[in-house]
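Read the numbers this way: they start at 1 and go in the same order the structure lists the ligands and their atoms. FYI, side chains are in, hydrogens and waters are out, and symmetry mates aren't considered; it's all heavy atoms of this structure.
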Amino acid sequence: MPVSGLPPYDDTNIFARISRKEIPANIIYEDEWALAFHDINPQAPVHVLVIPKGKYCSFADFSASASPEEIAGFIRAVGKIAKDLGLEAPGYRLLSNMGMHSGQEVPHLHVHLFAGRPLGRMIPER
Ligand code: AMP
């Protein structure tokens with residue numbers, strides 16, 4: 001369900017199409033709740049995107065409207081993917097952009113998983 005004041009979920013967004021396997025992606029994980037694939041324009045040696053299977057525009061939408069099962073399934077999938085990639089010891093960063101100020105480009109919730117080198121400051125200085 002869309003957050004009040006924000007546009008409704010757009011079924012034609014690129015991650016919806018990847019989720020439906022209409023367009024290819026380098027998929028590394030899939031279960032009932034989540035799908036993960038490599039970012040097409042990686043910003044770190046490891047840059048994976050994890051999306052929920054449900055139709056959620058953003059973190060705002062997901063946190064407000066997803067069921068407890070969807071939330072638990074998605075969060076556990078993110079943790080499992082990072083663990084299975086061997087990222088727990090060296091460490092990793094999770095990031096999810098929501099809305100205009102964040103620069104969110106694709107209107108389907110996605111968590112960026114970055115790793116593979118020291119990642120520096122969390123938010124660049126202006
Ligand atoms: P955001 O700015 O948080 O919405 O991030 C969108 C991300 O999706 C960017 O890092 C893009 O490089 C990535 N992206 C866009 N299209 C694709 C695609 N077809 N396959 C994989 N990653 C994509």
**Asked** Same cluster or not: are Ile75 and Ile28 linked, directly or through other Ile, Leu, Val, Met, Phe, Trp or Tyr residues, by side-chain heavy atoms under 4.5 angstrom apart?
**Response** yes
**Request:** May I ask you to identify the nearest protein heavy atom to atom 6 (C) of ligand 1, giving residue, atom name and distance to one decimal place in Å?
**Result:** His110 NE2, 3.6 Å
**Request:** Using distance alone, determine whether Gly103 and ligand 1 share an N or O pair under 3.5 Å.
**Result:** yes
**Item:** Sub-4.0 Å atoms of ligand 1 with respect to non-hydrogen atoms of Asn41
**Value:** 12 (O)
**Numbering as shown, the atoms of ligand 1 that approach His112 to under 4.0 Å (heavy-atom distance)** = 1 (P), 3 (O), 5 (O), 7 (C), 10 (O)
**Message:** Looking only at distances, can you tell me whether any N or O atom of Val106, backbone or side chain, sits closer than 3.5 Å to an N or O atom of ligand 1?
**Reply:** yes
**Request:** Give the numbers and elements of all ligand 1 atoms closer than 4.0 Å to a heavy atom of Phe37.
**Result:** 21 (C)
**Prompt:** In this structure, are over 12 heavy atoms from other groups packed under 6.0 Å from Lys80 atom NZ?
**Reply:** no
**Request:** Starting from atom 8 (O) of ligand 1, find the nearest protein heavy-atom neighbour and note its residue, name and distance.
**Result:** Phe15 CZ, 3.3 Å
**Asked** Do Val106 and Leu49 have side-chain heavy atoms sitting under 4.5 Å apart?
**Response** no
**Request:** Taking only heavy atoms of His38 into account, list the atoms of ligand 1 that are under 4.0 Å away from them.
**Result:** 21 (C)
**Request:** May I have the step-by-step check of side-chain contact (heavy atoms from CB on, under 4.5 Å) for Arg93 and His112, ending in yes or no?
**Result:** CA-CA 8 Å; Arg93 178 173 293 160; His112 295 258; over 6 Å; no
**Prompt:** Do Lys53 side-chain atoms and Asp31 backbone N/O form a donor-acceptor pair below 3.5 Å?
**Reply:** yes
**Prompt:** Is there a donor-acceptor pair under 3.5 Å between the side chain of His108 and the backbone N or O of Pro52?
**Reply:** yes
**Item:** Expected output: side-chain Glu70 to main-chain Phe62 donor-acceptor under 3.5 Å
**Value:** no
**Heavy-atom side-chain proximity of Phe15 to Leu109 below 4.5 angstrom** = no
**Gln43, portion touching ligand 1 at heavy-atom distance under 4.0 Å** = neither
**Request:** Given side-chain contact (heavy atoms from CB on, under 4.5 Å), test Tyr29 with Val48 step by step and report yes or no.
**Result:** CA-CA 10 Å; Tyr29 180 85; Val48 166; over 6 Å; no
**Prompt:** Counting heavy atoms only, which part of Leu49 comes closer than 4.0 Å to ligand 1: side chain, backbone, both or neither?
**Reply:** side chain
**Message:** Can you report which non-hydrogen protein atom sits closest to atom 4 (O) of ligand 1, along with the distance?
**Reply:** Glu105 N, 2.6 Å
**Request:** Closest by any non-hydrogen atom to atom 15 (C) of ligand 1: pick that one out of Val48, Ile40, Leu109, Asn97.
**Result:** Ile40
**Request:** Distance to 0.1 Å, residue and atom name: give those for the protein heavy atom nearest to atom 13 (C) of ligand 1.
**Result:** Asp39 OD2, 3.3 Å
